[in-house]
Amino acid sequence: MPELLANLNPEQHAAVTLPNEPALILAGAGSGKTRVLITRIAWLIQQGLASPMTILAVTFTNKAAREMMSRLQAMMPIDTRGMWIGTFHGLCNRMLRAHYRDAGLPQTFQILDTADQLSAIKRLMKGLNVDDEKYPPKNLQYFINNAKEQGLRPKDVDVTDNFNRKFVELYEAYDQQCQREGVVDFAELLLRCYELLAHNPPLRAHYQARFRDILVDEFQDTNKLQYAWLKLLAGEGNAIFAVGDDDQSIYAFRGANVGNMRDFENEFRVKHMIKLEQNYRSHGHILDTANHLIAHNSRRLGKNLRTDAGHGEPVRVYEAATDSQEAGFIVEEIRALIAQGMARHEIAILYRSNAQSRTIEHTLVNGGIPYKVYGGLRFFERQEVKHALAYLRLIDNPNDDTAFSRVVNFPARGIGARSIEQLADAARLYNCSMAAAIPYVTGKAGTTLGSFANLVAKMRAETAQLSLPETVEYTVRLSGLAEFYQGEREGQDRLENLQELVNAATAFVSEQGYGMDTPARSIPLRPGASNAPEIVSQDGEIEVLDAPTLTDPAQNPDVMTPLAGFLSHASLEAGDNQAQAGQDAVQLMTVHAAKGLEFSAVFITGLEEGLFPHENSAMEADGLEEERRLMYVAITRAKERLYLSFAQSRLLHGQTRYNVRSRFFDELPTETLKWLTPKVEAGARWGGRSDNAGWGRDWFSRGGNGGGGNSGGSRERDAYVADKTPLPNFANEQRAAEAGFRVGQDVFHTKFGEGKITALEGSGTDAKAQVRFKRHGEKWLALAVAKLQAVD
DNA sequence: AGGGACATGTTTTTT
DNA sequence: ACATGTCCCT
């Protein structure tokens, strides 16, 4: 084996060769984090300190897990497939499959993705006659997921008011519905696995005895439940090797808790904290720019990146009059970079929100520059694919009402809303699934439903012995989906995707190492492997642990059928998030999507107050700091060239917005920046006229307002002002004239409700009021815009 | 059941 | 601007 530790720098070397004790590795952007993680695993095994069996390595994305496995495989001759390397959800799924009985799940339990979950919730609420205007299904979904991620079951949630009580009630009903249907949502995978271990001491002891080394990637992104899960697995004696970067924590909005890093340090009494600060990616000016910016955040664990590369090019800054002019500049600059020999895929255009891509795409098309947009619908999320999967799910588990509702009348077979309602009523009455309730529905509805039941039964019978790809192909055909899309004018792409689903099934079978004719719906027997999936008996005793036929999932992953495995795969790994592959193309994506990637040249666009930092971030605690970290992530993606741009006006949501440049410019060093347009000092703008050419419109005129077009219901917008920094968007003179407010006055706001004015500032169109709302806390509002009414 | 009018929402996203 | 959802009509 080649020398594992060769070419590691001293910090990396130290991290890789730490003893089996809790460790926190603060890995800066571009510091060789993944390399350290993988080399650590290889080193532990090589030194005999661990075996592939005793290691558990967890990531957030399938991509990261795959990379870890393949690079590890390349580093040493071991079969990584049997190892416990995967995402939190993937590993929990694996554990639940192995111990489904102890977890209280049916063997063929299926996984609801976000869309499935929402439709399950809507169906639930409909059945219970809940007003979905008062209790929006999306909010309930958020409430449920949030509670689960805090480790809270309905009984654990604090009931503060009636509104809350209803949500808790619905949460409980939702869990019951899922249980009845044999499905689990994403958060449930984690919570159920956590509870499985927490409530089953022998099982917990088994896994604790086994996973002596737990490695966690992107630790800053873990949520409370994931942290608790790790803690449970670690027990008293096992070592967690956590790698992360608090400065790159950008997922607080989905529950990530950076505080876990500090908690980990304290609760595990971490003795080994190593900072990887040597950066191998960016030139000096770029790194200095990033360091300078992030220094404005408080409560950092503290880190400063350095590089041996020279200063390199300065960071170029461009101020455009409009968003299309900004795009024009970028396209010209890209043209020049390409002419200098830079590959197109080494160039990235980053933006804060997806809506910004349109103008840029438009300009790229006109300029004839190939590009790829990341984000958007993924393969397994496509309508036709989800339909086909729903049929497969019904074959596997007739009680899956989510799948049932999806396809009971697709393709259309004369089963209308009325019939489905009748069926749902019957199902509720007999407390059974919709499929099981079909015999109770009488009349014409009963007949048509009966023929659907026969169809599914026929599909189930005829696919009993078929392989997975055959099953998929058969399902697509018999369901009528193929025929339906053949008849559609724009169905060609969808047909191709259905064919692609058959290919995906073939690929899955081969990846899993099954024989191609392994029946899709029986648990495959491999030579030497036993298939008894339980190792814990009903009364909690572990029976087979020491037996020669040990059914450790790591040795025998076949605890589910190929079909169940494929369906899990489809839920857990929704497929590529990338547009058409193919030719060398410029890369377009959000800053979030760029995390973990690197490019020779990076354009960070739309650096305007309200956009980046995003205006909504002001509503959240520490929102601005997260935006700053986001900016930090964006900057550190660049290897050689970095461009920052912003526009004075921009078309957004059909209206022209006038923005000032992002406050982040005031937080960057002046030495590393090169302004391609004259730098206008902050404040000059508010004084009145900027002498900048191309400044065509009035600051406070509203694009489209009064310009004819829509009558009557023109929609108003609130400018919410954070940190007392005025956002000049959507100002409106007429309104300001009406303003005659005083401090202490009771006011009413259409969105935030009742409140009291606590402070006033500015005058005219610039007037702002601070209002303490009863339900929404204290906010600064631009009087020119906010629909604030005096209440007396 | 399917289509047109009308309303509504629009930060970021993985599993 | 634009996409998606809802309602109501045929």
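Numbers restart at 1 for each chain; the letters A, B, ... are given by sequence-line order, proteins then strands.
Ion pairing of A/R254 with A/E149 is absent here, as no side-chain N (NZ or NE/NH1/NH2) approaches a carboxylate O to less than 4.0 Å. A salt bridge between A/E511 and A/R81 is absent, with no side-chain N of the basic residue lying under 4.0 Å from a carboxylate O of the acidic one. Checked for salt-bridge contact, A/K148 and A/E188 meet the test: a charged N lies under 4.0 Å from a carboxylate O. Look at A/D132 and A/K126 and you find no salt bridge, because none of the NZ, NE, NH1 or NH2 atoms lies under 4.0 Å from a carboxylate O.
Minimum atom distance to the side chain of A/R358 is reached by C/dA1, of the listed B/dT15, C/dA1, B/dT13. In the set B/dT11, C/dA1, B/dT15, the nucleotide with an atom closest to the side chain of A/T87 is B/dT15.
Heavy atoms of A/D221 sit nowhere under 4.0 angstrom from any nucleic acid atom. Residue A/Y251 is classed as a sugar-phosphate contact, given heavy-atom separations below 4.0 Å to backbone atoms only. Counting any heavy atom pair closer than 4.0 Å across all strands shown, A/S571 reaches no nucleic acid atom. Heavy atoms of A/D113 sit nowhere under 4.0 angstrom from any nucleic acid atom.
Taking 4.0 angstrom as the limit, A/N354 places a side-chain polar atom (N or O) nearer than this to OP1 or OP2 of B/dT13. Within the structure, a side-chain polar atom (N or O) of A/R378 is placed less than 4.0 Å from OP1 or OP2 of B/dT15. Side-chain nitrogen and oxygen atoms of A/N62 include none within less than 4.0 Å of the OP1 or OP2 phosphate oxygen of B/dT14.
Within residues 408-417 of chain A, the residues that place at least one heavy atom under 4.0 Å from DNA chain B are, in residue-number order, A/N409, A/G414, A/I415, A/G416.
Between A/I360 atom CD1 and C/dA1 atom C1' the separation is 16 Å, expressed in whole Å. Rounded to an integer number of Å, the gap from CG of A/N146 to C1' of B/dT14 is 16 Å. In this structure, the NE2 atom of A/H653 is 9 Å from the P atom of B/dT10, given to the nearest Å. Taking atom CD on A/E218 and atom P on B/dT15, their separation rounds to 12 Å, with Å as the unit. If you take CD1 of A/I250 and P of B/dT11, they are 17 Å apart, rounded to a whole angstrom. Across the protein-nucleic acid pair, A/E381 atom CD and B/dT15 atom P stand 10 Å apart, rounded to whole Å. As rounded to whole Å, 16 Å separates atom P of B/dT15 from atom CG of A/D116. As rounded to whole Å, 15 Å separates atom P of B/dT14 from atom CD of A/Q220.
Neither side chain, A/D113 nor A/S571, offers a donor N or O lying under 3.5 Å from an acceptor on the other.
The backbone N or O of A/A647 lies less than 3.5 Å from a partner atom in the side chain of A/E608, making a donor-acceptor pair.
Nearest-nucleotide positions on DNA chain B for A/L189 and A/E620 put A/E620 closer to the 5' end. With DNA chain B read from its 5' end, the first of the two nearest nucleotides for A/L572 and A/R352 is the one closest to A/R352.
Residues forming a side-chain contact (heavy atoms from CB on, under 4.5 Å) with A/K224 (at least two apart in sequence, or on another chain): A/Q150, A/N257. Under the ring pair (Phe, Tyr, Trp, His ring centres under 6.0 Å) criterion, A/Y251 pairs with A/F253, A/H592, not counting sequence neighbours. By the side-chain contact (heavy atoms from CB on, under 4.5 Å) test, A/T114 is found to be paired with A/Q141, A/F186, residues two or more places apart in sequence or in another chain being considered.
For the pair A/H89 and B/dT15, the ring geometry does not qualify as stacking, because the centroid separation below 5.5 Å and plane angle under 30° are not jointly satisfied. By the stacking rule of 5.5 Å between ring centres and under 30° between planes, A/F253 stacks on the base of B/dT12.
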Where do N or O atoms of nucleotides 4-10 of chain C meet protein N or O atoms at under 3.5 Å, pair by pair?
none

Which atom pairs, donor and acceptor, lie under 3.5 Å between side-chain atoms of residues 62-69 of chain A and protein residues at least two apart or in another chain?
unit_1, atom_1, unit_2, atom_2, d
A/N62, ND2, A/L572, O, 3.1
A/R66, NH1, A/E573, OE2, 2.2
A/E67, OE2, A/R71, NH1, 2.8

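Nearest heavy-atom pair across A/I250 and A/D221 is N-OD1, 4.4 Å.
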